[in-house]
Asker: 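I'd like to ask you about the structure that follows.
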2 protein chains.
Amino acid sequence: METLTIGELSARSGVAPSALRFYEREGLIHASRTSGNQRRYDRAELRRVSFIKIAQQVGVSLDEIREALDSLPENRTPTKADWSRLSARWRYRLQERITVLERLRDELSGCIGCGCLSLQRCKLANPGDRLAAGGTGPQRILNPAVS
Amino acid sequence: METLTIGELSARSGVAPSALRFYEREGLIHASRTSGNQRRYDRAELRRVSFIKIAQQVGVSLDEIREALDSLPENRTPTKADWSRLSARWRYRLQERITVLERLRDELSGCIGCGCLSLQRCKLANPGDRLAAGGTGPQRILNPAVS
DNA sequence: CTGCAACTTGAAGTTCACTTCAACTCAAGG
DNA sequence: CCTTGAGTTGAAGTGAACTTCAAGTTGCAG
């Protein structure tokens with residue numbers, strides 16, 4: 001088995017076939033076709049899907065993920081070095097995000113408990129970075145099932 | 001100034017008036033009315049809005065935030081102790097989330113770089129908890145502006 | 001060769017968290 | 001009193017990330 005069907009890629013990645021087709025339309029992954037027009041995925045695509053899943057957990061939008069994936073070489077299968085370069089970038093973003101959440105954690109009890117939560121001064125509601133800047137759309141991170 | 005108009009609450013909280021009306025429809029905040037049917041917010045509502053903003057940064061859905069807020073006493077203005085109790089719950093969730101992201105950070109380079117990213121075994125794509133369990137809808141955490 | 005699960009498509013639907021709109025009313029300074 | 005900025009409503013629109021549907025086609029085991 002050199003290549004994977006959409007069902008196989010779905011099973012191995014945990015991503016629904018409909019989502020994989022959606023990713024393809026969005027230019028995040030690629031597939032070749034059989035004579036009968038069915039998708040066949042190179043094994044290397046598994047790593048792409050994996051990268052997408054991880055980036056989503058970090059909280060990056062598909063638009064940004066596509067940008068990152070576009071920086072991989074198109075003419076050859078990405079090497080370990082290619083992936084390392086990409087992952088280094090995400091590591092930095094991840095660290096930024098962790099720092100924000102840690103600050104949140106460390107100040108949460110005190111800040112809400114003490115009643116300082118009047119928003120103008122509070123570091124929680126107005127963190128130094130632009131995370132709270134707003135922007136349309138849902139921003140749910142945790143799955144409801146996690147609660 | 002005992003109470004705040006919607007414009008004032010918006011200015012102080014950084015949440016758009018339309019969002020405040022939306023929160024009210026959703027039962028997350030409350031307002032009294034003037035004789036002319038305009039909203040007047042008790043100063044204590046500011047803390048509710050603040051809590052909503054913080055919880056959203058942690059990645060909690062409005063449904064879950066409402067549940068949490070519903071556990072506050074209805075017959076009196078919440079005390080510091082009430083808020084502390086609530087914040088303790090969030091602190092725990094926050095810590096869970098941080099732990100996941102730290103694991104992600106610590107394993108990202110090695111995992112992607114080494115090519116083990118085949119998803120069946122990889123701790124990254126399939127973390128121990130149910131975070132990756134899927135669920136419909138967007139799961140963006142970071143604002144595009146942050147990039 | 002047959003049967004059936006797995007695949008194909010485009011279009012439309014869903015959820016979340018809002019925002020925008022139109023048409024209107026209210027509150028307060030001059 | 002008049003003007004004007006701020007507020008009111010319900011309905012409809014938005015964007016992200018998918019899912020569902022219907023109607024048809026393909027691929028492989030028996």
Side-chain angles (χ1 to χ4, degrees), chain A residues 1 3-29 31-41 49 52-53 55-67 132-145, chain B residues 1 3-29 31-41 49 52-67 132-145 147:
Chain A
M1 276 190 180
T3 57
L4 302 166
T5 67
I6 196 168
E8 287 162 349
L9 183 58
S10 172
R12 285 181 188 281
S13 67
V15 174
S18 62
L20 293 173
R21 293 193 194 100
F22 173 74
Y23 290 162
E24 190 178 336
R25 275 204 302 284
E26 296 290 304
L28 290 156
I29 60 175
S32 53
R33 297 298 180 115
T34 64
S35 57
N37 199 36
Q38 295 197 353
R39 288 172 183 81
R40 285 304 120 94
Y41 296 95
V49 176
I52 295 167
K53 282 188 79 177
Q56 283 197 306
Q57 281 197 48
V58 181
V60 183
S61 72
L62 289 186
D63 266 13
E64 292 186 277
I65 295 171
R66 178 178 36 240
E67 262 183 65
T136 291
Q139 300 186 309
R140 194 155 48 86
I141 302 159
L142 298 174
N143 197 284
Chain B
M1 276 190 180
T3 57
L4 302 167
T5 67
I6 195 167
E8 288 162 349
L9 182 59
S10 172
R12 286 181 187 280
S13 67
V15 173
S18 63
L20 293 174
R21 293 193 195 98
F22 174 74
Y23 290 163
E24 191 178 334
R25 274 204 300 286
E26 297 289 305
L28 290 156
I29 59 176
S32 52
R33 298 298 181 115
T34 64
S35 56
N37 198 36
Q38 296 198 353
R39 289 171 182 81
R40 286 304 122 94
Y41 296 95
V49 177
I52 294 167
K53 281 188 79 177
I54 290 170
Q56 283 196 307
Q57 279 196 51
V58 181
V60 183
S61 71
L62 289 187
D63 266 13
E64 291 186 278
I65 294 172
R66 179 179 36 239
E67 261 183 66
T136 292
Q139 300 185 309
R140 192 156 50 86
I141 302 158
L142 298 174
N143 197 285
S147 60

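Computed from heavy atoms alone, side chains included, the values below leave out hydrogens, waters and symmetry copies. Numbers restart at 1 for each chain; the letters A, B, ... are given by sequence-line order, proteins then strands.
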Asker: Which heavy atom of A/N37 sits nearest to which heavy atom of A/R33, and what is that distance?
Answerer: O-NH1, 2.9 Å
Asker: Looking only at side-chain N and O atoms, does B/T5 come under 4.0 Å of OP1 or OP2 in D/dG7?
Answerer: yes
Asker: Just how far, in rounded Å, is P of D/dC18 from CG of A/L62?
Answerer: 5 Å
Asker: Looking at every heavy atom in both A/S10 and A/V15, which two are closest together, and how far apart are they?
Answerer: OG-O, 2.7 Å
Asker: Taking all heavy atoms of B/D63 and all of B/R66, pick out the closest pair and write down the distance.
Answerer: OD1-NH2, 2.6 Å
Asker: How many angstroms lie between atom CZ of A/R40 and atom CG of A/L9, to the nearest 0.5 angstrom?
Answerer: 11.5 Å
Asker: In this structure, how many angstroms lie between the C1' atom of D/dT8 and the CD atom of B/E24, rounded?
Answerer: 11 Å
Asker: Taking N or O atoms only and anything under 3.5 Å, show me the protein contacts with nucleotides 25-30 of chain D, one pair per line.
Answerer:
unit_1: D/dG27; atom_1: OP1; unit_2: A/T34; atom_2: OG1; d: 2.9

Asker: Round to the nearest Å and state the distance from B/R21 atom CZ to D/dA12 atom P.
Answerer: 19 Å
Asker: Using whole Å, report how far CG of B/L28 lies from P of C/dA17.
Answerer: 9 Å
Asker: Which listed nucleotide (D/dG7, C/dC18, D/dC18) is nearest to the side chain of B/I6?
Answerer: D/dG7
Asker: How many Å lie between CZ on B/F22 and C1' on D/dA12, as a whole number?
Answerer: 15 Å
Asker: Where do B/A31 and B/E24 come nearest, in terms of heavy atoms and distance?
Answerer: CB-OE1, 4.0 Å
Asker: Got a second to check how far B/I65's CD1 is from B/E67's CD, nearest 0.5 Å?
Answerer: 11.0 Å
Asker: Which listed nucleotide (C/dT20, C/dT9, D/dT20) is nearest to the side chain of A/S18?
Answerer: D/dT20
Asker: Is a donor on one side and an acceptor on the other found under 3.5 Å between the side chain of B/K53 and the backbone of B/S13?
Answerer: yes
Asker: So which one's nearest nucleotide on DNA chain D is more toward 5', B/P17 or A/L20?
Answerer: B/P17
Asker: C/dC18, OP1 or OP2 - any side-chain N/O from B/Y23 closer than 4.0 Å?
Answerer: yes
Asker: Would you give the length of the straight line joining atom OG1 of A/T5 to atom CD of A/Q38, rounded to the nearest 0.5 angstrom?
Answerer: 8.0 Å
Asker: What is the distance, rounded to the nearest whole Å, between atom CG of A/L9 and atom P of C/dC7?
Answerer: 11 Å
Asker: So does B/R33 get a side-chain nitrogen or oxygen closer than 4.0 Å to the phosphate oxygens (OP1/OP2) of D/dT9?
Answerer: yes
Asker: With the criterion being N/O to N/O and under 3.5 Å, what pairs connect the protein with nucleotides 3-5 of chain C, and how long is each?
Answerer:
none

Asker: To the nearest Å, give me how far apart CG (B/D63) and P (C/dT15) are.
Answerer: 12 Å
Asker: Between P on D/dA16 and CD on A/E64, what's the gap in Å once rounded to a whole number?
Answerer: 11 Å
Asker: Please answer whether the main-chain N or O of A/Y41 pairs with a side-chain N or O of A/T3 as donor and acceptor at a distance below 3.5 Å.
Answerer: no
Asker: Who are the side chain to side chain contact (heavy atoms under 4.5 Å, CB included) partners of B/F22, not counting sequence neighbours?
Answerer: B/R25, B/E26, B/L62
Asker: So, is B/R39 near the phosphate of D/dG7, with a side-chain N or O under 4.0 Å from OP1 or OP2?
Answerer: no
